[in-house]
Amino acid sequence: MNCKIGDLVWIPEKSRLLWARKEDKMISRTKITADPSVAVVVSEYNESAYCIFINGDYWLIDKNEIYEVPNVSNPIVTGK
């Protein structure tokens with residue numbers, strides 16, 4: 001999936017999140033998601049990962065582990 005900064009993305013359960021210091025790009029923490037969630041793409045970290053903002057923190061995630069959130073900007077209005 002090719003994302004842009006600001007895109008909303010779907011993070012499935014059991015996805016691996018990584019935390020790295022920007023200065024040396026050394027991974028210092030990992031986390032496996034317990035539940036599906038949504039996140040915002042903050043930047044492209046490298047050719048295989050995005051930096052995302054999820055649950056109040058910044059994490060890295062492999063580009064192959066995220067999915068596009070369907071367009072929700074045009075809600076369906078019923079009953080009129």
> Just so I know, are the side chains of V9 and V38 near enough to count as touching, which here means a heavy-atom distance under 4.5 Å?
no
> Between D7 and K4, what is the shortest heavy-atom contact and its length?
OD2-N, 2.8 Å
> How would you list, by chain and number, every residue that makes a ring pair (Phe, Tyr, Trp, His ring centres under 6.0 Å) with Y67, sequence neighbours excluded?
none
> Quick check on the hydrophobic clustering: are W10 and L8 connected, directly or via other members, by side-chain heavy-atom contacts under 4.5 Å?
yes
> Who passes side chain to side chain donor-acceptor pair (under 3.5 Å) against S28, sequence neighbours left out?
none
> V40, V69: one ILVMFWY side-chain cluster at the under-4.5 Å cut-off?
yes
> Tell me if a side-chain donor or acceptor on K31 pairs with a main-chain N or O of L18 at a distance below 3.5 Å.
no
> Check side-chain contact (heavy atoms from CB on, under 4.5 Å) between S43 and all other residues, then give those that pass, not counting sequence neighbours.
C51
> State the CD-SG distance between E68 and C3, to the nearest 0.5 angstrom.
8.0 Å
> Do you know which two heavy atoms are closest between I52 and I11, and how far apart they sit?
CD1-CD1, 3.9 Å
> Check Y50 against I66 and note the closest heavy-atom contact, atom names and distance.
CD1-CD1, 3.5 Å
> Other members of the hydrophobic cluster containing I5, with the 4.5 Å side-chain heavy-atom rule, please.
none
> Taking all atoms of both residues into account, what is the closest heavy-atom pair of D57 and R29, and its distance?
OD2-NH2, 3.7 Å
> Using the test side-chain contact (heavy atoms from CB on, under 4.5 Å), find all partners of K14 that sit at least two apart in sequence or belong to another chain.
I32
> Of all the heavy-atom pairs spanning Y58 and W19, show the shortest one and how long it is.
O-CD1, 3.2 Å
> Could you walk me through whether L17 and L60 pass side chain to side chain contact (heavy atoms under 4.5 Å, CB included), step by step?
CA-CA 6 Å; L17 303 177; L60 303 177; over 6 Å; no
> Could you list the residues that satisfy side-chain contact (heavy atoms from CB on, under 4.5 Å) with D62, not counting sequence neighbours?
N64, E65
> Please report the shortest heavy-atom distance between I54 and A39, naming the atom on each side.
CB-CB, 3.8 Å
